[in-house]
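Presented below is the structure to which this report refers.
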2 protein chains.
Amino acid sequence: MESPVGLRERKKAATRQAVHEATLRLTVEHGFDHVTVEAVADAAGISRRTFSNYFTNKEDALLYGEEQHIRALVQSVRDRPAEESSWTALRAAVAQFAEHMSPPEREWAVRTRLAMRHPSLLARQLANHAALERDLADAVALRTGPSDAPPRPLVMAAAFLASVRIAMRIWIEEDESRGPGAVMDEILDEMGQRFT
Amino acid sequence: MESPVGLRERKKAATRQAVHEATLRLTVEHGFDHVTVEAVADAAGISRRTFSNYFTNKEDALLYGEEQHIRALVQSVRDRPAEESSWTALRAAVAQFAEHMSPPEREWAVRTRLAMRHPSLLARQLANHAALERDLADAVALRTGPSDAPPRPLVMAAAFLASVRIAMRIWIEEDESRGPGAVMDEILDEMGQRFT
DNA sequence: TGCGCAATGGGCAATTTTGCACATTGCGCA
DNA sequence: TGCGCAATGTGCAAAATTGCCCATTGCGCA
């Protein structure tokens, strides 16, 4: 089940993740502007120079987690069987996605939200989301084939992502009564009326 | 209070310690002969090749902890003020030594003892102890100056180390009613009648 | 008894991390 | 307003780690 990646790659991934989490933790604690690269490097157990080998700046390190999730979601959609309808593929992908959303992930989401008070961060986050929307639309367009008119995948991707964001927000804000999958299902049922 | 050692050296020390502890743990669990270098390296999170960069073989890795303690004790004796009598210096050094012996260290000592069932390990341990006795005798001889006849430091070192070993054994075997320092004091009081 | 094989030790090159130097930037305070 | 200074980004060489290699060793099993 696990890919036979070597020790080298596993260590790099672990370090990258550690740097990201250190950045997130320190940012939540002290605010983005009051966190130095050196402090992050210390917290992650690496040198300041090595930080630069992994990320070009603090923002990249902070947004890395979300970008990972984005990449995983897009890839998951691409990996759905070709015979699934686009909306079904999207729902299946996000369901698989939600499986990995346990309490620690919820904690991560909450903290990420807390860290995003900084304007430049919000800007980058918006850009990421726009890119995600574009990539998802591409994946959808590729899936349905050239039969669908150009605007259709864009609309579907936008609707889908809006649903996901709403569901995430609700899941974060309500107590842990339901898992993220249940919330996703409810919102996507509501939105999906027009796509199924 | 802490030395301003660089990140590099701190990481090397941490890795060396991790390898040692992995070796100790696996040896206690499976027996020295049933532990491969590869298993130790995996447990310590390094490659087999890197293991070789730290230790030439499993025995070195297993005995590293004890050898560290030995070196620390000898150095501690050397660092005692020159005006202290030899026996006083030895007692002071071992008292300082015992300060760092908390429950985790006790656990370490117990496990080390468990791991030492292997003949080749016992042989090396004996050799280490002999070397320790020699080094301590040298330190004592250096301290008292050339006034003392040659056999005297040897006797003192031997008596001292015998006391320490007895105290360690008692401390390990009795429940955790007393700290190691108290046991040391009792045994060394008994032995020291002839040296103070 | 001799083969097969896993474990080991170590050479070597590629890759990564570190430490250090230096230029640039942005901000607070004189 | 301009200086001082901390933070940052980056080039570079030294050091550390990894992966791959092969020769040697010792042990179990045919």
Side-chain angles (χ1 to χ4, degrees), chain A residues 2-64 115 118-121 123-124, chain B residues 2-27 29-64 115 117-121 123-124:
Chain A
E2 76 282 7
S3 24
V5 292
L7 177 61
R8 211 162 218 160
E9 289 169 83
R10 278 184 283 127
K11 279 201 171 182
K12 281 196 77 163
T15 298
R16 200 176 292 273
Q17 190 66 26
V19 172
H20 161 64
E21 283 170 11
T23 309
L24 179 53
R25 179 173 62 80
L26 292 181
T27 297
V28 170
E29 285 176 10
H30 307 121
F32 187 72
D33 289 336
H34 301 231
V35 173
T36 67
V37 169
E38 182 160 25
V40 171
D42 283 353
I46 59 172
S47 73
R48 186 170 72 90
R49 189 63 185 80
T50 302
F51 175 95
S52 295
N53 294 341
Y54 280 93
F55 299 103
T56 61
N57 51 46
K58 274 187 297 173
E59 298 181 7
D60 283 317
L62 193 56
L63 274 297
Y64 170 74
H118 200 282
S120 75
L121 293 175
R124 285 230 12 194
Chain B
E2 75 282 6
S3 23
V5 291
L7 177 62
R8 208 162 221 158
E9 289 168 85
R10 278 184 286 126
K11 280 200 171 183
K12 283 196 75 163
T15 298
R16 201 177 290 273
Q17 190 66 26
V19 172
H20 161 63
E21 283 170 10
T23 309
L24 179 53
R25 180 172 62 81
L26 292 181
T27 297
E29 285 176 9
H30 308 119
F32 186 72
D33 289 336
H34 302 246
V35 174
T36 67
V37 169
E38 181 160 28
V40 171
D42 284 352
I46 60 172
S47 72
R48 186 170 71 90
R49 189 63 185 82
T50 302
F51 176 95
S52 295
N53 293 340
Y54 279 94
F55 299 102
T56 60
N57 50 45
K58 277 185 297 174
E59 298 179 7
D60 282 320
L62 191 57
L63 295 195
Y64 170 74
R117 275 171 303 208
H118 200 284
S120 75
L121 293 175
R124 285 228 14 192

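Naming convention: chains lettered A, B, ... in sequence-line order (proteins, then strands); numbering from 1 in each chain.
A distance of 13.0 Å separates CG of B/L7 from NZ of B/K12, quoted to the nearest 0.5 Å. Between atom OG1 of residue B/T36 and atom CZ of residue B/F51 there is a gap of 9.5 Å, rounded to the nearest 0.5 Å. The CZ atom of B/R117 lies 11.0 Å from the CG atom of B/D33; values are rounded to the nearest 0.5 Å. Rounding to the nearest 0.5 Å gives a distance of 5.0 Å between CZ of A/R124 and CG of A/L63. Here the OG1 atom belonging to A/T27 is positioned 7.5 Å from the CG atom belonging to A/L121, to the nearest 0.5 angstrom.
The nearest whole Å value for the distance from the CG atom in A/D33 to the C1' atom in C/dG26 is 12 Å. Look at CG on A/D42: it is 12 Å from P on D/dT8, rounded to the nearest Å. Rounded to an integer number of Å, the gap from CD1 of A/I46 to C1' of D/dA16 is 16 Å. Rounded to whole angstrom, the span from the NE2 atom of A/H30 across to the P atom of D/dA7 amounts to 14 Å.
A 3.5 Å limit on both hydrogen-bonding distances identifies D/dA15 as the Watson-Crick or G-U partner of C/dT16. In a base pair of the Watson-Crick type (N1 to N3 plus N6-O4 or O6-N4) or a G-U wobble (N1-O2 and O6-N3), with each distance short of 3.5 Å, C/dA30 is matched with D/dT1. Look at D/dA7: its Watson-Crick or wobble partner, with both distances under 3.5 angstrom, is C/dT24.
At D/dA16, none of the side-chain N or O atoms of B/Y54 fall inside 4.0 Å of OP1 or OP2 (strictly under the cut-off). The side chain of A/S47 places an N or O atom within less than 4.0 Å of a non-bridging phosphate oxygen (OP1 or OP2) of C/dT18. Between A/K11 and D/dT18 there is a side-chain polar atom (N or O) within less than 4.0 angstrom of OP1 or OP2.
When the nearest nucleotides of DNA chain C are assigned to B/L7 and A/K12 by heavy-atom distance, the more 5′-ward of the two goes with A/K12.
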Hey, can you pull the donor-acceptor pairs under 3.5 Å for the side chains in residues 14-21 of chain B, sequence neighbours left out?
from, atom 1, to, atom 2, distance (Å)
B/T15, OG1, B/K11, O, 3.0
B/R16, NH1, B/Y54, O, 3.0
B/Q17, NE2, B/E21, OE2, 3.2
B/H20, ND1, B/A61, O, 2.8
B/H20, ND1, B/L62, O, 3.4
B/H20, NE2, B/W108, NE1, 3.1

Can you name the atoms? Protein N/O to nucleotides 5-11 of chain C N/O, anything below 3.5 Å, with the distance.
from, atom 1, to, atom 2, distance (Å)
C/dT8, OP1, B/V37, N, 3.2
C/dT8, OP2, B/V37, N, 2.9
C/dG9, OP1, B/T56, O, 3.3
C/dG9, N7, B/R48, NH1, 3.3
C/dG9, O6, B/R48, NH2, 3.4
C/dG11, N7, B/R49, NH2, 3.1
C/dG11, O6, B/R49, NE, 2.7

